[in-house]
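Just follow the structure's listing: the first ligand is 1, and inside any ligand the first atom is 1. Along the sequence shown, the residues carry numbers beginning at 1. None of these values were measured; they are calculated from a predicted model.
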Amino acid sequence: MSSTSPKQNDTAQNNKIDSFLDQELRPTTWDEYVGQKNTKDNLNILLKAAKQRAHPPEHLLFYGPPGLGKTTLAYLIAHHTNSQIKTTSGPAIEKVGDIASILTNLNPGDILFIDEVHRLNKSIEEVLYPAMESGSLNIIIGKGPSARTLQLELPPFTLIAATTRISMISSPLRSRFSGGIYKLEFYSEEEIEKILERSAKILGIKIDKDAAKEIAKRSRQTPRTANYLLRRCRDYAQVHGLDLDEETVEKTLSMLQIDKIGLTRADLTILKTIIEKFGGGPVGLNTLATALSEETGTLEEFNEPYLIQLGFIERTQRGRVATELGYKHLGIEPPADLQKKLI
Ligand code: ADP
């Protein structure tokens, strides 16, 4: 994931560590892939139509906060279409030569998955445009008047890209995702419970229903976080010789300083800072990040989406504002002029 400050906050750190463990729990069939009904329905039609035409599916872009299942979807599509998947990420492609080498090594029907596609630089994007549009690779050889363009035909392939920062994707790049741009949604508690049940089975963890419910409530509506918390509760139960019941979940999560609705210390500090240091806002992202000694990217990518999803903060044109619900969660009386700030 994207670079974060040395003082990475809890959520960012957990996401990073956990992505190494994602693989064993990654769903391998559409039935195991819980939720995201609308995206799944659309993809189903797109994949069927492509199969009938005996052509690789068109290029796809998935976006949404970390851990919602973007990479998993790319792997499922590869599985479903019997394709090889080659994965890379925006920051790993540094030079035009890197992307040229990736593209020329593709076989017909391959899927190229580029994670964190918002971090591709402009010159790489420009190589991708003709590759995505007409399957050709244009490379400029030499410099000055003697420079010439070499054009190579690429095998038919599907580019699947993922991003946590859709606003950073340039419109020329967006317009090349001819198969569509899909937003992944947060999951309901019931969906997270279903994911937890399956994960517990795979990991051989005995967990009772109430315990799964309690973990689901505190999972930020995010499968990766749910799986992470399940493993931490398993560790706690194991070390203390306990059953994994509701009480064990309560003890584990209070040790991890995760509150009743899944907010971490870092989330609460952000909310508190907006309210106490900036009078509830509006406060610009840069100012807020400086006050918290955090990077703007970390706030935007890891903390804000869930705080916004809960309705605790809002993004307005003039900056971030704490809402009535946000004030109430901290037990602070909202100011009388709150509505004006939210416009
Ligand atoms: P992203 O690419 O959006 O950061 P991933 O696809 O890597 O997220 O998902 C993280 C983990 O969460 C996966 O390994 C998987 O275990 C779990 N997961 C994600 N989406 C789902 C889903 N819809 N159903 C079941 N498990 C899921």
Side-chain angles (χ1 to χ4, degrees), residues 1-2 4 11-44 60-80 85-92 111-119 159-166 169 181-205 207 212 215-216 218-232 234 262 297-298 300-306 309:
M1 297 282 155
S2 71
T4 40
T11 320
Q13 214 157 21
N14 291 346
N15 267 297
K16 211 161 192 170
I17 297 164
D18 233 39
S19 57
F20 295 111
L21 298 163
D22 283 344
Q23 281 182 13
E24 69 180 320
L25 297 178
R26 187 159 278 152
T28 51
T29 65
W30 290 104
D31 281 346
E32 287 172 347
Y33 192 90
V34 175
Q36 309 295 350
K37 185 174 176 327
N38 191 260
T39 296
K40 266 171 43 173
D41 287 350
N42 280 301
L43 290 176
N44 196 5
L60 303 164
L61 175 63
F62 298 134
Y63 74 96
L68 290 192
K70 301 179 290 297
T71 309
T72 308
L73 266 185
Y75 276 84
L76 270 177
I77 292 171
H79 201 260
H80 183 90
I85 181 164
K86 304 207 164 129
T87 70
T88 183
S89 73
I111 286 174
L112 173 61
F113 177 62
I114 305 184
D115 200 6
E116 295 185 69
V117 70
H118 58 273
R119 294 180 65 192
L159 173 68
I160 303 183
T163 182
T164 46
R165 314 276 292 277
I166 188 72
I169 308 283
I181 299 178
Y182 300 90
K183 177 179 185 226
L184 295 211
E185 306 288 346
F186 282 106
Y187 293 69
S188 69
E189 269 172 42
E190 292 72 31
E191 287 168 345
I192 294 284
E193 275 174 50
K194 241 175 143 179
I195 292 170
L196 284 168
E197 261 172 40
R198 173 178 169 271
S199 301
K201 239 189 226 153
I202 295 172
L203 299 172
I205 300 172
I207 177 171
I215 295 181
R218 300 178 179 212
S219 293
R220 309 173 75 84
Q221 303 174 13
T222 302
R224 182 183 289 139
T225 309
N227 288 336
Y228 167 76
L229 295 180
L230 175 67
R231 283 192 285 254
R232 296 297 68 80
R234 180 255 333 253
T298 307
E300 259 193 313
E301 216 167 305
F302 294 102
N303 304 103
E304 273 194 359
Y306 187 54
Q309 168 76 2

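Within a 6.0 Å sphere centred on NE2 of His80, heavy atoms belonging to other residues, nucleotides or ligands number more than 12.
Using a 4.5 Å cut-off on side-chain heavy atoms (C-beta onward), Glu32 and Leu76 make no contact.
The only member of Thr222, Leu73, Thr164 that meets side-chain contact (heavy atoms from CB on, under 4.5 Å) when paired with Leu68 is Thr222.
For the pair Arg231 and Tyr228, the cation does not sit on the ring face, since its NZ or CZ is not both under 6.0 Å from the ring centre and inside 45° of the axis.
Ligand 1 places these atoms under 4.0 Å from at least one heavy atom of Arg224: 1 (P), 4 (O), 5 (P), 7 (O), 8 (O), 10 (C), 12 (O). Applying the 4.0 Å criterion to heavy atoms of Leu68 picks out, from ligand 1, the atoms 3 (O), 8 (O), 20 (N). The Glu32 neighbourhood of ligand 1 comprises atoms 24 (N), 25 (C), with distances under 4.0 Å to a heavy atom of that residue. Each of the following atoms of ligand 1 lies closer than 4.0 Å to a heavy atom of Gly69: 1 (P), 3 (O), 5 (P), 6 (O), 8 (O), 9 (O), 19 (C), 20 (N). Atoms of ligand 1 found under 4.0 Å from any heavy atom of Thr72, numbered from 1 in the order shown, are 5 (P), 6 (O), 9 (O), 13 (C).
Ligand 1 has Pro66 within reach: a non-hydrogen atom of the residue lies less than 4.0 Å from it. Within the 4.0 Å heavy-atom shell around ligand 1 one does not find Glu191. The closest approach between Ala162 and ligand 1 stays at or above 4.0 Å for every heavy atom of the residue.
The residue among Thr163, Val34, Thr164, Leu25 with a heavy atom at the shortest distance from atom 22 (C) of ligand 1 is Val34.
Residue contacts with ligand 1 for Tyr187 involve side-chain atoms from C-beta outward but no N, CA, C or O (heavy atoms, distance under 4.0 Å). Contacts between Arg198 and ligand 1 below 4.0 angstrom, taking non-hydrogen atoms only, are absent altogether. Heavy atoms of Asn227 found under 4.0 angstrom from ligand 1 belong exclusively to the side chain.
The shortest N or O to N or O distance between Leu73 and ligand 1 is not below 3.5 Å.
Classified by interplanar angle (parallel below 30°, tilted 30° to 60°, perpendicular above 60°), the ring pair Tyr182/Phe62 is tilted.
Residue Ile195 holds its CD1 atom at 11.0 Å from CD of Glu197, rounded to the nearest 0.5 Å.
Every residue was checked against the side chain to side chain contact (heavy atoms under 4.5 Å, CB included) condition with Lys201, not counting sequence neighbours, and none meets it. Every residue meeting the side chain to side chain contact (heavy atoms under 4.5 Å, CB included) condition with Lys194, not counting sequence neighbours, appears here in chain and number order: Val34.
Panel note: side chain Asn44, backbone Lys40; no donor-acceptor pair is recorded below 3.5 Å.
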